[in-house]
Amino acid sequence: MGYGFPKQNKLCGSLRIAQFYREGKRFVAWPLRVTWAKADNETQVLIWAPKSLFKHAIQRNHLRRLMREAYRLNQALLDDAHYQIAFNYMDKEEQSFAVIEKAVQKALKKIAHEQ
RNA sequence: ACAGUAAACCGGUUUAUCGCGCCGCAAGGUGAGGAAAGUCCGGGCAGCACAGAGCACCGCAGCGGUUAACGGCCGUCAGGCAGCAAUGUUUGGUCCCUGCUACAGAGACGAGUGAUGUGAAACGAGCAUACUGCGGGCUGCAAUUCCAAGUAAACCAACGUAUGAGCGCUGCUCGCGUGAGUUGGAGGGUAGGAAGCGAGAGAGAAGCAUGGUAACAUGCUUUCCGAGAUUAAUGAUAAACGCUGCUUCGGCAGUACAGAACCCGGCUUAUAGGUUUGCUGUCUUC
């Protein structure tokens, strides 16, 4: 598993997303709220920065990009199984890449461990 | 030189590592802004509607020009306000008809008169909801078209079937058209894909020429430019340089506003720092 993050590894489709949020397991790795479930075919990831917390599109874009990079660089922490994972940003402040990367690492380790 | 004022423009750069969208068999190519923003005007484009008449309603308003169009832009006139000035800012159709003009005043548009007094205004008028001129069908790309999949032409209630329900025509009236359903309740299904969507007869850009005070128009030239996502690409990390402050000359701090979503022309708002030009005032030197 390399560092890539192509489009087929992104979770999309409103029905699947709604079902995933209903059934997935949740925990918090500040400043992220993580939802995850086992998947059959491929690991798919959803990244979300809410408009209610960040008014400007450029802030949301920036946070999404930081979370995406953090996942992309640390996805090797997962084992060989496949998952659906959602990272929801939940803090009111824009945190740095170092903080977000640490949170993503913690979350991925926890998912791999619980599995 | 300093201060002011009015315009125009720029909006970081480089390297390393990892990565994303679109196009392409591949090699490779290409990928945010001056405001992409607010969605306030105008136009293209799309769908629906459109026999006609009247009354409403909304927008604009010195004058002239410009444009695809505009409430924009350019030029210009008059009054008020700020400033020594350059300049900025603000107001600007009309009173024939309809109506309004508080308090005060004998009287407020009604007249027998109208000096004094009252009052913003005393027969003179001012104003808009009135009148005049011009413009306006409605809805917006979540438009619209196609493909695929799926469901419930079932149930309940009200009104109606030529004694005409309802619908459409602009909000209303007339009038016209249509002619058996319509409305509400409860419930069921879908929310995938493609086109629209960006190289087109471009309201593009740059340069030159001609006309015009200007906005702008016309013509010629060009190895000039060309995002197209859809849980939504255009990035992340590290370093160096540049720029701006402060400095004990070692350095330290800061480097804005902000992210396309059908496309254009404007307006408005946000913006670190910087560049250029015109004009005005003050001072100095020749």
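Letters go in sequence order (proteins before strands), and every chain restarts at 1.
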In terms of ring plane angle, is the pair A/Phe87 and A/Tyr71 parallel, tilted or perpendicular, where the classes change at 30° and 60°? tilted
With A/Asn61, which residues qualify under side chain to side chain donor-acceptor pair (under 3.5 Å), at least two apart? A/Arg64
Could you state the atom-to-atom distance from CE of A/Met67 to P of B/rU237 in whole Å? 14 Å
Any strand: nucleotide that pairs with B/rG187 via Watson-Crick or wobble, under 3.5 Å: none
If pairing requires Watson-Crick or G-U wobble contacts with both distances under 3.5 Å, which nucleotide is the partner of B/rG278? B/rU5
Reckon A/Arg65 has a side-chain N or O less than 4.0 Å from the OP1 or OP2 of B/rG19? no
In whole Å, I'd like the distance from the CG atom of A/Leu66 to the P atom of B/rU237. 6 Å
With syn defined as a glycosidic angle within 90 degrees of 0 and anti as anything else, the base of B/rA162 is anti
Across all strands shown, which nucleotide pairs with B/rG114 by Watson-Crick or G-U wobble geometry, both distances under 3.5 Å? none
Using both distances under 3.5 Å as the test, list the Watson-Crick or G-U wobble partner of B/rU284, or none. none
What's the gap between B/rG228 and B/rU210 when it is taken at their P atoms, as a whole Å value? 41 Å
Could you check B/rG34 for me: syn (within 90° of 0) or anti? syn
Could you give the distance from CD1 (A/Ile47) to CZ (A/Arg65), rounded to the nearest 0.5 Å? 12.0 Å
Using a 90° cut-off around 0 for syn, call B/rG54 syn or anti. anti
Under a 4.0 Å heavy-atom cut-off, which of residues 88-103 of chain A touch RNA chain B? A/Phe97
Residue pairs fulfilling side-chain hydrogen bond (donor to acceptor under 3.5 Å, both in side chains) with at least one residue in residues 50-60 of chain A, sequence neighbours excluded: A/Gln59-A/Glu94
Paired with B/rC224: which nucleotide, if any, by Watson-Crick or G-U wobble criteria at under 3.5 Å for both distances? B/rG204
Side-chain donor-acceptor pairs of residues 98-107 of chain A under 3.5 Å, sequence neighbours excluded:
| residue | atom | partner | partner atom | Å |
| --- | --- | --- | --- | --- |
| A/Glu101 | OE2 | A/Asn74 | ND2 | 3.3 |
| A/Gln105 | NE2 | A/Asn74 | OD1 | 3.0 |

Here the distance between atom C1' of B/rC18 and atom CD of A/Gln75, to the nearest Å, is 12 Å
Does the structure show a Watson-Crick or G-U wobble partner for B/rC127, both distances under 3.5 Å? Name it, or say none. B/rG99
Rounded to whole Å, the CG-P distance (A/Leu63 to B/rG235) equals 16 Å
Atom P, compared across B/rC167 and B/rG160: separation rounded to whole Å: 15 Å
Using atom C1' in both nucleotides, what's the gap between B/rA153 and B/rG189 to the nearest angstrom? 15 Å
Holding to ring-ring contact (aromatic ring centres under 6.0 Å, His included), I want the full list of residues that pass it with A/Tyr89, two or more places apart in sequence or in another chain. A/Phe54
Which sits closer to the 5' end of RNA chain B, A/Trp48 or A/Glu69, going by the nucleotide each is nearest to? A/Trp48
First locate atom CD1 of A/Ile111, then atom CG of A/Leu77, and finally report the distance between them rounded to the nearest 0.5 Å. 10.5 Å
Answer yes if A/Leu32 and A/Phe27 sit in the same cluster of Ile, Leu, Val, Met, Phe, Trp and Tyr residues linked by side chain heavy atoms under 4.5 Å apart, and no otherwise. yes
Using the C1' atom as the point on both nucleotides, what is the distance between B/rA86 and B/rA206, in whole Å? 35 Å
d(CG, A/Leu73; C1', B/rG235) in whole Å: 12 Å
Rounded off to whole Å, could you give me the CZ-to-C1' distance for the A/Phe87 and B/rU231 pair? 15 Å
Can you list, in residue-number order, the parts of residues 49-61 of chain A that come under 4.0 Å of RNA chain B, counting heavy atoms only? A/His56, A/Ala57, A/Ile58, A/Asn61
Under a single-linkage rule joining Ile, Leu, Val, Met, Phe, Trp and Tyr whose side-chain heavy atoms are separated by less than 4.5 Å, which residues share a cluster with A/Met90? A/Val28
Pairing nucleotide - B/rG42, Watson-Crick or G-U, each distance under 3.5 Å: B/rC264
Which atom names give the shortest non-hydrogen contact between A/Gln95 and A/Leu66, and what distance separates them? O-CD1, 3.9 Å
With both distances under 3.5 angstrom, what nucleotide forms a Watson-Crick or G-U wobble pair with B/rC18? B/rG235
Which whole number of Å gives the distance between the C1' atom of B/rA143 and that of B/rA238? 48 Å
Please state the C1' separation for the pair B/rA121 and B/rG126 - nearest whole angstrom. 7 Å
For nucleotides B/rU190 and B/rG204, find the distance between their C1' atoms and express it as a whole number of Å. 43 Å
Nearest to the A/Arg72 side chain among B/rU234, B/rA236, B/rC18, which nucleotide is it? B/rC18
When rounded to the nearest 0.5 angstrom, what is the spacing between NZ in A/Lys25 and CD1 in A/Ile85? 12.5 Å
Have a look at B/rG198 and give me syn or anti from its glycosidic angle (syn if within 90° of zero). syn
Between B/rA157 and B/rU170, how many Å separate the two P atoms, rounded to a whole number? 38 Å
Which way is the base of B/rG110 turned, syn or anti, if we draw the line at 90° from 0? syn
A/Val34 with A/Tyr83, same ILVMFWY side-chain cluster at under 4.5 Å: yes
